[in-house]
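Notes follow the structure.
In what follows, every heavy atom counts, from backbone to side chain, and hydrogens, waters and symmetry copies are set aside. Per chain, numbering begins at 1; letters A, B, ... match sequence-line order.
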Amino acid sequence: MKRALPRHFSATLLQSQRKLLPFSPHNNGGLLQKLPKICPIPSFTSNPRRVFTNSLPPPEWIEPFNDVSDLLSSPGNLNPSPWVSQILNLLDGSMDMEANLDSFCQKFLIKLSPNFVSFVLRINDLRKKPDVAFRFFAWASKQKKYAHRLETYVSLIDCLSLSSDLDRVRLVFNDLRQKGFLMTVSGANSLIKSFGGLGMVEELLWVWRRMKENEKGIEIPPHAYGLVIGGLCKEGKCMEGYTVLESMIKKGCKPNVAIYTALIDSYAKHSSMNEAINLFERMKNKGLEPDQVTYGVIVSGLCKSGRLDEAMEYFEFCRGNGIAVNAMFYSNLIDGLGKAGRVDEAEEFFEEMVEKGCTRDSYCYNALIDALAKCGKIDEALAVFKRMEDEGCDQTVYTYTIIISGLFREHRNEEAIKLWDIMIDKGITPTAASFRALSIGLCLSGKVSRACRILDDLAPMGVIPETAFEDMINALCKAGRIKEACKLADGIVDRGREIPGRIRTLLINALRKSGNADLAMKLMHSKIGIGYNRMGSIKKRVKFRVLVES
DNA sequence: CTAGGGTTAG
């Protein structure tokens with residue numbers, strides 16, 4: 001019987017000591033307990049001769065299988081090395097698990113190779129204990145000169161995914177991603193299975209892309225196709241998604257309604273409405289029945305591309321053919337009609353939906369309020385806003401944003417500001433877009449500093465509109481109020497901040513357009529708003545005001 | 001439980 005004997009023993013031990021063999025983890029009573037006495041654990045020294053004479057040989061990496069010759073003589077019938085069961089016994093999840101592993105390895109002068117670690121992680125007993133697996137993985141990486149390989153990561157992720165330990169999977173995956181391993185087919189297949197099962201699309205797509213860079217022939221389980229296609233569709237990569245659809249069909253994997261719907265929606269959202277309809281027809285030709293959601297994305301896409309009459313045809317088709325229409329259908333139609341200036345029809349749908357037994361949600365109210373506000377019917381918009389409250393539908397930050405913009409458009413500034421305050425009082429968290437509506441309105445009504453003060457109040461609420469100054473300066477420039485725009489830019493300088501290049505460009509263009517080409521040139525070639533000294537601390541900066549005051 | 005769909009403005 002073959003023994004899992006570290007090679008260096010035969011090379012370095014005295015003949016007499018070797019006679020004490022057989023030696024194995026199963027029989028460790030004889031020689032090994034004496035070893036420390038014969039050769040004490042060496043202290044490190046820079047003198048190679050000392051190492052040679054006084055120390056034990058370096059620990060040997062052990063592999064999960066005894067010998068390569070096993071593999072040659074009886075492939076498929078490999079016996080794991082006895083070390084495997086020894087290590088497995090130590091993986092008990094106890095407090096001193098790591099310490100026990102350390103002393104065991106020290107005692108037997110072994111180190112566990114990445115292959116070994118990976119093999120152990122694949123053993124069923126351990127796969128049921130993700131905590132222990134994770135600790136073992138972390139412990140292994142602390143061995144001297146040890147480096148995890150792709151396979152160890154893959155095995156651990158497989159183990160963690162079985163118990164849906166999402167946080168740890170992410171942690172381990174982030175680590176893996178930084179390593180830059182070359183992806184293997186087996187690694188990719190395992191990872192895709194893990195991520196597919198957990199619905200981790202980003203991670204799955206990463207593996208898939210990594211794989212495409214190298215080889216082909218990767219086995220994607222059917223569910224993972226859906227995740228990959230869905231992930232690509234969400235990123236707006238419908239063409240790539242379509243390619244995956246074709247490859248899944250080629251592999252004999254049948255796409256379902258959900259996969260087609262995701263693709264149709266993605267095409268519809270990226271101004272390829274005709275492609276979306278083509279795919280919709282192809283899906284029907286294959287015998288798949290589009291459902292509520294499929295029709296929903298078709299109607300929504302048609303509405304967004306202004307093809308309202310077609311949208312209404314599909315809508316009527318649904319109603320006549322037992323496909324339930326929901327509030328989403330209505331909100332899309334109301335929004336589309338409103339944006340096309342067909343407000344009366346939008347109102348009809350709004351009234352009709354409740355009669356047909358469909359409850360209005362905030363999207364429906366918001367769409368109609370927006371339609372009314374945009375065509376100057378701000379009072380009617382306010383009436384619907386009030387109705388929304390009366391009818392028990394919660395107003396959202398979108399509702400307020402629409403109303404605030406509408407009020408400013410009609411120069412009803414005080415009412416707009418009042419609504420902002422009501423929104424805050426109601427505990428509705430503002431968004432960057434809602435602040436944009438407010439700040440632009442304030443700037444154009446000459447209340448730039450008030451906008452800045454409100455902006456300062458947002459930070460403690462965790463709302464940081466990144467383009468706030470840019471939006472405000474842009475609004476002022478567009479209104480031809482360059483002096484005020486410059487003053488606002490100086491406000492940023494006063495706060496000790498650098499003026500972003502985008503804002504400089506904005507002001508340069510505004511100056512050019514307003515016939516101040518010379519000032520535009522001056523700004524372009526100056527360091528107005530910029531200025532750090534060599535140590536990176538703030539230098540006195542030139543203010544924008546000098547441009548318009550000179 | 002059951003892969004897929006939603007709003008502000010530019």
(request) List the protein contact pattern of nucleotides 3-10 of chain B with one symbol per nucleotide (5' to 3'): B for base contact, S for sugar-phosphate-only contact, - for none; contact means a heavy-atom distance under 4.0 Å. (result) BBBBBBB-
(message) Could you tell me if the side chain of A/I424 sits less than 4.5 Å from the side chain of A/P430, heavy atoms only?
(response) yes
(request) State, with a plain yes or no, whether a side-chain heavy atom of A/M312 is found less than 4.5 Å away from one of A/L337. (result)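 Yes, their side chains come closer than 4.5 Å.
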(message) Whether A/K129 and A/D125 form a salt bridge (side-chain N of Lys/Arg under 4.0 Å from carboxylate O of Asp/Glu) is what I want to check.
(response) no
(message) In this structure, is the centre-to-centre distance between the rings of A/F385 and A/Y365 below 6.0 Å?
(response) no
(request) Could you please spell out the steps behind the side-chain hydrogen bond (donor to acceptor under 3.5 Å, both in side chains) verdict for A/N189 and A/S186? (result) CA-CA 5 Å; A/N189 278 325; A/S186 67; over 6 Å; no
